[in-house]
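Down below is the structure, laid out as structure tokens.
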Amino acid sequence: MKVLVQELHSRGHEITLLRPSDSWYIASESPYYKSININSSAGFDEEKFGAFVTTMVRMRRNGASLWARLSLEYELVEWFYQMFKQSLHLTEHMFEDRELMRSLRDAKYDVVLTDPFLGAGVLLSHRLGLPLVLNVRWTIQGEGHYAIAPSPFSYVPVPGSELTDKMTFSQRVKNILFYAFMCFQIRYVTDPNYIPFVHKHFGKHVHYMELFQAADIWLMRNDFIFEFPRPTMPNIIYMSGFQCKPSKSLSKELEDFVQSSGEHGVIMMSLGTLVEDLPEDLNEDIAAAFAQLPQKVIWRHKGQRPSTLGNNTLMLDWLPQNDLLGHPKTKVFVSHGGTNGLQEAIYHGVPLVGLPLMFDQQENFSKMKARGVAKVLDIATLSKDNFLEALKEVLYEPSYREKMKTMSNLHKDQPIKPLDRAMFWIEFVMRHKGAKHLKTESYKLSAIQYHSIDVMAFLMAVKLLVLTLFITVLRILWQIVFCRTKVKKE
């Protein structure tokens, strides 16, 4: 979101940002926007979330029992439930603040730009009657496409299934089972929170997803270089890689280290911002594998230095990921599979070794693996030997880099840059007070109407009626003919 806000500001727009007072990832003060602090919790605690991820990794690593894993999964579902609940509490707090709502109405904003993962921005836009643009990959119900676009199970993989668009019969069965599980989560995690809230504030005739589906523009943070081909809608605008940009020069110390790699090049490793440290035995195996390579390694790592760390490895609390990915000496990116990092790797044409941890990371890497640009390992069975083998395969098998270069060329070969495309459609909505001509009315239909079950039932009934009348007429005619024949005989 920060990338979009900065670009809007550079184009002369004034941005007001609403943030919970305890938000740790949104700055209260910025040269790019004016902030309004809502005196309510976001329900998203950095320390608790980071601890949960670390616990999940340790359990997978230590071969925890099935019951322990199910308990942790249940805790994750409960955590999402509470997060949704807290988000609605924040929204309720805004709605009840008459002075705040009056000031927002008096400001006469042109558009609301929000991420629909939690929904507070969506609900606020409808309360204020403002046009709505979504910066979206996920909604409160799951992957964004499922809320608005047709998604046939025969060739559209359900998130989490790790399937491709070419499915066997058994894989299609698996796909539908994953969809059933997704529906189960919606019913017991999302519905109990959002249905009563929307009924209270918008009327009992309104389903909460209608408010999301009514958005004017969906800025989708992926595209069909990353995703498999699937049906879409006119108001879905793809901006995958909008945050990517050419690399900048490295600091002198980092550049000297990179250049010292000679012809062997550099391996970069980063597992995102939420996992600061892995289990000790895992760090030892990773460091030992790196130490056996001729390449130099730059590893984002905040924990204790492994005893097996080689002289070729530089450990940093933070690294300039985009600038390193764009450096010509970078050969491989070891990643956890976050969407932003994968898109930056595609942009710069750097092949991947995947260590997915949780959430959508395994799904993201399954797409990269299907395209032949990544070697993916299971964190639960990772060892020095299989990690070293994976690194060597991606380093020395040319197909990985060649296929990633092909993806990079496809991504860059566009008539307009993804960020410029996003800006055009945000400003389009501002100029025209919405984009009603691009929005389908399908979301207002019931499931029976959407699939024309009522029409098919009506036509079937007409067909049966005509067939019944035809048979009845035949029977009457037969009786008349039979009676006449009988009378003649008598």
Side-chain angles (χ1 to χ4, degrees), residues 1-9 15-58 72 75-94 97 100 104 112-124 134-140 189 193 221 242-243 270-278 300-304 316-322 335-344 356-361 364:
M1 188 68 81
K2 183 179 179 181
V3 175
L4 297 180
V5 168
Q6 289 179 345
E7 185 66 19
L8 285 167
H9 179 270
I15 299 103
T16 300
L17 186 141
L18 276 72
R19 64 183 293 278
S21 55
D22 67 345
S23 176
W24 56 270
Y25 57 93
I26 304 173
S28 178
E29 296 183 2
S30 170
Y32 305 110
Y33 55 79
K34 177 183 72 176
S35 64
I36 296 176
N37 294 309
I38 310 302
N39 189 25
S40 180
S41 173
F44 190 80
D45 183 82
E46 179 184 16
E47 184 176 343
K48 181 179 179 181
F49 184 74
F52 178 86
V53 176
T54 302
T55 302
M56 176 70 82
V57 172
R58 291 182 187 279
L72 197 62
E75 184 180 335
L76 178 62
V77 170
E78 176 66 20
W79 185 73
F80 274 106
Y81 178 91
Q82 293 299 330
M83 190 164 60
F84 287 159
K85 185 177 180 178
Q86 190 65 39
S87 175
L88 291 174
H89 177 76
L90 181 145
T91 309
E92 185 84 50
H93 184 85
M94 289 192 291
D97 190 333
L100 171 65
L104 294 176
V112 171
L113 173 65
T114 187
D115 187 317
F117 174 67
L118 290 178
V122 173
L123 299 171
L124 182 62
L134 302 180
N135 171 16
V136 58
R137 176 99 194 276
W138 305 95
T139 71
I140 56 175
V189 176
N193 282 301
R221 297 194 299 268
F242 72 100
Q243 80 282 8
S270 175
L271 300 181
T273 57
L274 291 175
V275 181
E276 295 187 353
D277 193 17
L278 292 170
R300 184 186 182 277
H301 179 85
K302 288 189 175 182
Q304 182 178 351
L316 300 172
D317 288 349
W318 176 88
L319 52 78
Q321 181 170 293
N322 183 74
S335 169
H336 64 305
T339 306
N340 285 348
L342 295 190
Q343 289 176 352
E344 288 177 352
L357 303 175
M358 59 192 314
F359 302 136
D360 63 336
Q361 296 163 10
N364 290 342

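Worth saying up front: this structure is predicted, and the values here are computed from it rather than measured.
To the nearest 0.5 Å, the span separating OG on S23 from CD1 on I38 amounts to 11.5 Å. Interatomic distance, CD of Q361 versus CG of L342, reported as 9.0 Å (0.5 Å rounding).
Of all heavy-atom pairs between V5 and I15, the closest is O-CD1, 3.8 Å. The two residues F84 and N193 have their closest heavy-atom pair at CB-ND2, 3.7 Å. N135 approaches P116 most closely through the heavy-atom pair O-CD, 3.5 Å. Residues P20 and S40 approach most closely at CB-O, 3.3 Å, considering heavy atoms. Of all heavy-atom pairs spanning N364 and G337, the tightest one is ND2-O, 2.9 Å.
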* Could you go step by step and tell me if R137 and D360 meet the side chain to side chain contact (heavy atoms under 4.5 Å, CB included) rule? -> CA-CA 11 Å; R137 176 99 194 276; D360 63 336; 3.3 Å; yes

* **Audit row: M1, L113, side chain to side chain contact (heavy atoms under 4.5 Å, CB included) steps and yes/no** => CA-CA 9 Å; M1 188 68 81; L113 173 65; 3.8 Å; yes

* Taking it one step at a time, do M94 and L18 satisfy side chain to side chain contact (heavy atoms under 4.5 Å, CB included)? -> CA-CA 10 Å; M94 289 192 291; L18 276 72; 3.5 Å; yes

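Taking the side chain as every heavy atom from C-beta outward, S28 and N37 approach each other to under 4.5 Å. In this structure, T114 and L124 have side chains that are not in contact, with every pair of non-hydrogen atoms separated by 4.5 Å or more. The side-chain heavy atoms of V122 and T139, taken from C-beta on, include no pair separated by under 4.5 Å. For the pair D97 and N39, the minimum side-chain heavy-atom distance is 4.5 Å or more. By the 4.5 Å heavy-atom criterion applied to side chains, F242 and L4 are counted as neighbours. Contact annotation: the side chain of I36 never approaches that of R19 to less than 4.5 Å [non-hydrogen atoms, C-beta and beyond]. Taking the side chain as every heavy atom from C-beta outward, H9 and Q6 never approach each other to under 4.5 Å. You'll find the side chain of F117 reaches within 4.5 Å of the side chain of M83, heavy atoms only.
No hydrogens or angles considered: nothing links the side chains of R221 and T339 as a donor-acceptor pair under 3.5 Å.
Crowding of F80 atom CZ: a count of heavy atoms from other residues, nucleotides or ligands under 6.0 Å exceeding 12.
At least one donor-acceptor pair under 3.5 Å links the side chain of R300 to the backbone N or O of G272. Of the possible polar contacts, none joining the E344 side chain to the G341 backbone as a donor-acceptor pair under 3.5 Å is found.
Not a single salt bridge (charged side-chain N to carboxylate O under 4.0 Å, His left out) links E78 to another residue, sequence neighbours left out.
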